[in-house]
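Some notes on the structure that comes next.
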Amino acid sequence: MRPVPALKRKVCGRFTLAARPQDLQQEFPDFWFPSDLPPRYNIAPSQQTLVLPGDGAFQARSMRWGLVPAWARDPAIGNRMINARSETVLERPAFRSAFRKRRCLVCADGFYEWQGSPPRRRPFHITLPGGVPFAMAGIWEEWPSPEAENLSTFALLTTRANPDLRAIHDRMPVILGPEARPVWLDPTRPPDALLDLLVPFPGRLELRAVSRFVNRPGNEGPECLAAAES
DNA sequence: CCAGACGTTGTT
DNA sequence: GTCTGG
DNA sequence: CCAGACGTTGTT
DNA sequence: GTCTGG
């Protein structure tokens with residue numbers, strides 16, 4: 001008998017990065033950050049956001065969320081390549097090469113998950129205690145655009161939800177603590193050592209129901225974190 | 001050998 | 001790029 | 001992830 | 001319903 005598929009709901013598709021550059025500098029002291037970083041409360045797929053690639057430059061870069069494989073004909077394919085399952089990332093043709101050679105950290109200070117079924121689906125904002133910035137595990141690609149400069153894109157690694165999150169969701173982005181980050185970014189690390197890092201977050205998470213204002217991808221600003229209407 | 005395809009998420 | 005199908 | 005669009009003809 | 005765009 002085939003294994004019964006686990007309960008599945010939708011996975012990380014929005015997040016926040018409202019932290020100031022000095023807060024990021026403190027959390028990621030090895031990296032250089034731009035000083036003019038705008039606070040973001042509604043980062044959606046296809047948008048640019050701050051990524052720390054393991055390319056040895058230790059320079060924060062802006063990349064587009066939604067991985068476009070190097071061989072893609074149409075970069076629109078990236079709009080659906082926003083998450084890569086940890087369980088299968090090693091085999092998937094679209095991700096395998098990026099997983100082996102181009103890993104990164106994706107800076108965030110919270111992410112959104114939606115709970116329930118339409119039309120009552122409600123967004124939650126999930127943070128670490130105190131709202132400190134954290135690093136999500138990512139992989140990235142460079143797509144040679146015929147007209148413009150290369151397009152840099154990334155996908156987030158996902159794993160099972162941890163106990164705090166399980167009430168609303170069964171998947172979550174992989175969050176890497178300070179010890180795991182250099183391992184993930186080390187280009188010489190073998191796949192087995194990397195896969196060991198892709199586990200549910202072992203610490204506590206804080207969940208807060210927020211307004212549906214965040215639903216609309218074009219909405220931006222601290223209103224995205226307003227308490228949920230009753 | 002060449003030609004042609006190549007993907008993910010989720011489906012509560 | 002890399003794999004499959006013919 | 002959610003919101004919003006969703007068409008055709010013909011075109012060196 | 002399904003796909004694209006943000």
Side-chain angles (χ1 to χ4, degrees), chain A residues 2-17 38 40-49 62-102 106 108 110-126 136-145 150-151 153-161 165-174 191 198 207-221 223-225 228-229:
Chain A
R2 283 199 313 135
V4 177
L7 286 179
K8 282 176 185 170
R9 288 188 186 141
K10 305 192 177 179
V11 182
C12 183
R14 282 324 155 79
F15 61 94
T16 57
L17 182 58
R40 294 296 314 277
Y41 293 89
N42 198 4
I43 299 165
S46 84
Q47 296 180 352
Q48 299 279 137
T49 189
S62 181
M63 293 192 195
R64 187 188 209 258
W65 185 9
L67 187 143
V68 180
W71 43 258
R73 294 180 194 210
D74 181 356
I77 194 174
N79 290 336
R80 284 176 293 178
M81 308 286 228
I82 64 171
N83 298 134
R85 292 177 67 91
S86 302
E87 296 89 339
T88 54
V89 66
L90 199 51
E91 296 104 52
R92 290 287 180 267
F95 295 142
R96 192 175 34 203
S97 166
F99 177 76
R100 285 195 308 237
K101 290 181 276 190
R102 285 174 301 278
V106 181
F111 60 95
Y112 297 101
E113 301 283 12
W114 278 258
Q115 176 195 38
S117 321
R120 283 239 168 257
R121 222 160 139 68
R122 287 175 60 193
F124 285 74
H125 187 238
I126 297 109
M136 299 186 286
I139 55 180
W140 64 283
E141 271 286 3
E142 200 101 62
W143 187 75
S145 169
N150 285 0
L151 178 67
T153 60
F154 72 92
L156 291 177
L157 276 291
T158 66
T159 184
R160 305 182 308 284
L165 205 52
R166 216 165 281 152
I168 65 164
H169 236 280
D170 80 328
R171 303 285 296 175
M172 68 179 297
V174 172
L198 305 180
L207 284 67
R208 208 171 140 272
V210 293
S211 159
R212 287 188 186 81
F213 182 80
V214 73
N215 282 17
R216 182 197 249 267
N219 285 349
E220 181 52 87
E223 303 97 306
C224 293
L225 301 182
E229 57 274 354

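Please read all numbers here as calculations on a predicted model, not as lab measurements. FYI, side chains are in, hydrogens and waters are out, and symmetry mates aren't considered; it's all heavy atoms of this structure. Below, chain A is the first sequence line, B the second, and so on; all start at residue 1.
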For A:Asn42, side-chain hydrogen bond (donor to acceptor under 3.5 Å, both in side chains) partners two or more places apart: A:Arg14
Minimum heavy-atom distance A:Ala167-A:Gln115, with the two atoms named: O-NE2, 3.6 Å
Can you tell me how far [atom2] of [N] sits from [atom1] of [X], to the nearest Å?
X: A:Arg171; N: B:dT9; atom1: CZ; atom2: P; value: 8 Å
X: A:Glu87; N: B:dT9; atom1: CD; atom2: P; value: 8 Å
X: A:Arg96; N: C:dG1; atom1: CZ; atom2: P; value: 14 Å
X: A:Arg73; N: B:dA5; atom1: CZ; atom2: C1'; value: 8 Å
X: A:Glu113; N: B:dT9; atom1: CD; atom2: P; value: 14 Å
X: A:Trp71; N: B:dA3; atom1: CH2; atom2: C1'; value: 16 Å
X: A:Trp143; N: B:dG7; atom1: CH2; atom2: C1'; value: 16 Å
X: A:Trp65; N: D:dC2; atom1: CH2; atom2: P; value: 11 Å

Consecutive Watson-Crick or G-U pairs in runs of at least 3, all under 3.5 Å, in which DNA chain B is involved: B:1-6 with C:1-6
Identify, with sequence neighbours excluded, every residue that meets side-chain contact (heavy atoms from CB on, under 4.5 Å) alongside [X].
X: A:Ala108; answer: A:Phe15, A:Phe134, A:Met136
X: A:Pro191; answer: A:Leu90, A:Phe99
X: A:Ser211; answer: A:Phe213, A:Ala226, A:Glu229

Side chain of A:Trp114 - closest among D:dA3, D:dC2, B:dT9: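 In terms of side-chain proximity for A:Trp114, the closest of D:dA3, D:dC2, B:dT9 is D:dC2.
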For a quick check of understanding: with a heavy-atom distance under 4.0 Å over all strands, which category does [X] fall into, base, sugar-phosphate or nothing?
X: A:Phe15; answer: nothing
X: A:Ala94; answer: sugar-phosphate
X: A:Ala72; answer: nothing

Can you check the distance between [N] and [M], where both ends of the measurement are the [atom1] atom (answer in whole Å)?
N: E:dC3; M: B:dC6; atom1: P; result: 15 Å
N: B:dT12; M: D:dC2; atom1: P; result: 13 Å
N: E:dG5; M: D:dT8; atom1: P; result: 16 Å
N: B:dT9; M: C:dT2; atom1: P; result: 22 Å

Results of salt bridge (charged side-chain N to carboxylate O under 4.0 Å, His left out) for A:Arg40 - residues two or more places apart only: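 By the salt bridge (charged side-chain N to carboxylate O under 4.0 Å, His left out) rule, A:Arg40 matches A:Glu220.
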Residues which pass salt bridge (charged side-chain N to carboxylate O under 4.0 Å, His left out) with A:Arg122, listed by chain and number, not counting sequence neighbours: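 None.
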Presence of salt bridge, A:Glu141 and A:Arg102, under 4.0 angstrom: yes
N-O pairing of A:Glu113 and A:Arg208 below 4.0 Å: no
I'd like a table of donor-acceptor pairs (distance under 3.5 Å, sequence neighbours excluded) in which one partner is a side-chain atom from residues 62-69 of chain A, with atom names and distances.
unit_1, atom_1, unit_2, atom_2, d
A:Ser62, OG, A:Gln48, NE2, 2.9
A:Trp65, NE1, A:Ile82, O, 3.1

Using a cutoff of under 3.5 Å, can you pull out all pairs of nitrogen or oxygen atoms linking the protein to nucleotides 2-6 of chain E, with atom names and distances?
unit_1, atom_1, unit_2, atom_2, d
E:dG6, N9, A:Ser46, OG, 3.2
E:dG6, N7, A:Pro45, O, 3.1
E:dG6, N7, A:Ser46, OG, 2.7
E:dG6, N2, A:Arg14, NH2, 3.4

